[in-house]
Amino acid sequence: MLDNNQLLRFTTAGSVDDGKSTLIGRLLYDSKSIFEDQLEAIENTSKKKGHEGVDLALFTDGLRDEREQGITIDVAYRYFTTPKRKFIIADTPGHIQYTRNMVTGASTANVATILIDARHGVIEQTKRHAFIASLLQIPHIIVCVNKMDLVDFSEEVFNNIVSEFEEVSSKMLVKDVRFIPMSALLGDNVVNKSENMPWYQGAPMLHTLETMHISSDINKVDARFPVQTVIRPQRDGFIDYRGYAGRVASGILRTGDEVTVMPSGFTSKVKSINLHDKELEEAYAPMSVSITLEDDIDISRGDMIVRSNNKPEPSQDIEVMLCWLNNSAAKPRAKYTIKHTSNDQKAMIKEVVYKYDINTLERNSDDTDLAMNDIAKVKIRTTKPLMIDAYRENRTTGSIILVDDATNETVAAGMIV
Amino acid sequence: MSKYYLNYLDELESEAIFVLREVWAQFENPVILFSGGKDSILVTHLAKKAFYPAKIPFPLMHVDTGHNFPETIEFRDNIIKELGAQLIVGSVQESIDEGRVAEEKGKNATRNALQITTLLDAIEANKIDCAIGGGRRDEEKARAKERFFSHRDDFGQWDPKNQRPELWNIFNGKHFEGEHFRAFPISNWTEMDVWNYIKRENIAIPSLYFAHEREVVWRQDSWIPNSEFLVLEDHEEIVTKKIRFRTLGDITITGGVESNADTLEKIAAEVAGMRNTERGNRSDDKRSESAMEDRKRQGYF
């Protein structure tokens, strides 16, 4: 069993040839997480393609089109475990036209790793990825200054990149940033400490991931319990059982807590918290449990159970940072289905306040068309109030998606301001 | 004072339960695809937890290739009885008899690909709008691309280049009549996680997973079990070996490994030391580099 046995989710970002796939391959290879038959398969493909040695990057591209073009199109998930932690890697594409997939992979991450090619330093793509990571409030960022072997493992090059990045990130909302000089190709500072860079006093990447404090990444203050479904067993021994099934979005709920059901406003007390046949004293994020209350109240999917002394804001007018994900552009004043926790409503984009120029990161309030991969601040009006929190306080109750009723596709993702 | 964070198994469990409840809330007619293998047994166990004390609110559906291990069918029937669940069976043999599919020819013929038609027919006949599967992203590189809620068009096809973005934990199961979804609650579990959890929860699994004496033949780098469907080549010989199966598929294509692991503890220890992937012994995946992707595009589970 694992020592600290937590689950850490991280995402990789970087522009096309920064060596993301090689880094993941190296991480898996050096931590002995690649199986022999997988290695054999990529050895064969490497040979067929005429590569010298094993191309570790081949390990990650799962689709035929990706292997043919040598690029990542959609997010792929990889797993590895060390004696300390279990890791989920969301391997996301670097191409700008797949920004939406990067957002997909990053939305649940504890850590964003941003790769920089040491020869090129901080480029636009770096800024864009740092910007998206900060928008998504990914709690930790590791800047991997890669390909150090191609700049003679120079401390000066590394230090310059660190200060360049710090200047950029000072304008963003990033809290925890670490820098690691590495060569994913040769394995320097990925799993093993580099002998080529004795000037670097920090830990290699894997050790950093293994020891990073992530318990505080989830909001443990504001108790929020969106109801997914109601459990009515109608069977012997449980005739009167009425359980509200859901996953604690944030905070802690205990039996005996005074709670309010939103949006109806009825109050009651938590009678029991159940997980299967076990009764629990308390439940905290992200536990999936069932809750029963002292009083019979009409509660259904979409309602939210919260502690009476700490309620979210019910609102029909919400401001969000919206990332447009769909090929077809946003239709002005068109109606969409908005999904927020377990609640669905109809909504309309009332106004595009400003759009970010993703290259310069400047705000532009003249151009208000929303096309694929655009990021903008918008005002949305919903038909009924949603129980919202600001995204920076709460990633679960602060996020929404928009669904186009004509196609049923998810067209946008939003973070409540 | 508790530490207020979940260990990885509890977090995976909580995520899977969340997904199962979303399926129930968002679809009219979901089923669990049940093959009798450890992953579908795990999903069924998690569904039991998700809706307790109510019964699992959806039927189990088995796509029966007709080339089963007898132990699997026995296990299936027992679990259905124990859960009081409804069982839907889609029969590949019937699809063959009706001329919907043709049996493969040649010495490596399997009924694996034939399942696609039977599965899609059963989905259509039973008006199923979401089929919950035990697919895991660590199994295979095409599976690593799979979403929790995976859209299938009205031909049952998966389009890996046009998947719905899936953000945070907000799942969009909206679909048109005739389309359906596949849902994968244990996407983020690895083979090792599955075994650690089965051990922790002491979940019953078919005897095939435990080391036992069995008649087998050495073929394609693994021990293929003797059965009425096995056609021996001249140079091949049936021997009795102590083996266990790491994954269960059709009896014709599932290779066993030599092992002494006859308890859950020993299995978990053995799996931890394995140097080959679980599907390494599945000859259907060895056919080409994109064998799984190609099958999935057509509607394979």
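Labels below follow one simple rule: chain letters A, B, ... track the order of the sequence lines, proteins then strands, and each chain is numbered from 1. For clarity, every value in this text was computed on a predicted model and none was experimentally measured.
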Are Glu22(B) and Arg301(A) close enough for a salt bridge, meaning some N to O gap below 4.0 Å?
-> yes

Salt-bridge test for Glu28(B) and Lys127(B): reply yes if a basic N is under 4.0 Å from a carboxylate O, no otherwise.
->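 Between Lys127(B) and Glu28(B) there is no salt bridge, as every charged N stays at least 4.0 Å from the carboxylate O atoms.
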
Sub-3.5 Å donor-acceptor pair from the side chain of Asn394(A) to the main-chain atoms of Gly398(A), do we have one?
->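 Not confirmed, Asn394(A) side chain does not pair with Gly398(A) backbone.
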
Verify the neighbour count for atom NZ of Lys220(A): are there more than 12 heavy atoms of other residues, nucleotides or ligands below 6.0 Å?
->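 More than 12 heavy atoms, drawn from other residues, nucleotides or ligands, come within 6.0 Å of this atom.
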
Trp24(B) vs Phe51(B) aromatic rings, parallel, tilted or perpendicular, using cut-offs 30° and 60°?
-> perpendicular

Aromatic ring pairing Phe171(B)/Phe149(B), orientation class (parallel under 30°, perpendicular over 60°, tilted between) = parallel

Could you tell me which of Ile231(A), Val411(A), Thr229(A), Thr396(A) has the largest number of non-hydrogen atom pairs under 4.5 Å with chain B?
->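 Highest number of heavy-atom pairs under 4.5 Å: Ile231(A).
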
When only pairs under 4.5 Å are counted, which of Thr108(A), Asp277(A), Ile218(A) shares the most heavy-atom pairs with chain B?
-> Asp277(A)

Taking every heavy-atom pair that is under 4.5 Å apart, which of [options] has the most such pairs with chain A?
| options | result |
| --- | --- |
| Arg21(B), Gln163(B), Glu11(B) | Arg21(B) |
| Glu15(B), Glu13(B), His151(B), Gln26(B) | Glu15(B) |
| Glu179(B), Lys55(B), His175(B) | His175(B) |
| Ala25(B), Ala50(B), Pro165(B) | Pro165(B) |

Relative to chain B, which segment of [X] carries a heavy atom at a distance below 4.5 Å: side chain, backbone, both, or neither?
| X | result |
| --- | --- |
| Ile214(A) | neither |
| Tyr77(A) | both |
| Ile252(A) | side chain |
| Lys339(A) | both |

Do Ser272(A) and Asn274(A) get their side chains close enough for a donor-acceptor pair, meaning under 3.5 Å?
->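 On atom types as modelled, these side chains qualify, holding a pair under 3.5 Å.
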
Where does Asp193(B) contact chain A at under 4.5 Å (heavy atoms): side chain, backbone, both or neither?
-> side chain

Ring centroid separation Tyr391(A) to Trp168(B) under 6.0 Å =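 Yes: the rings meet the under 6.0 Å criterion.
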
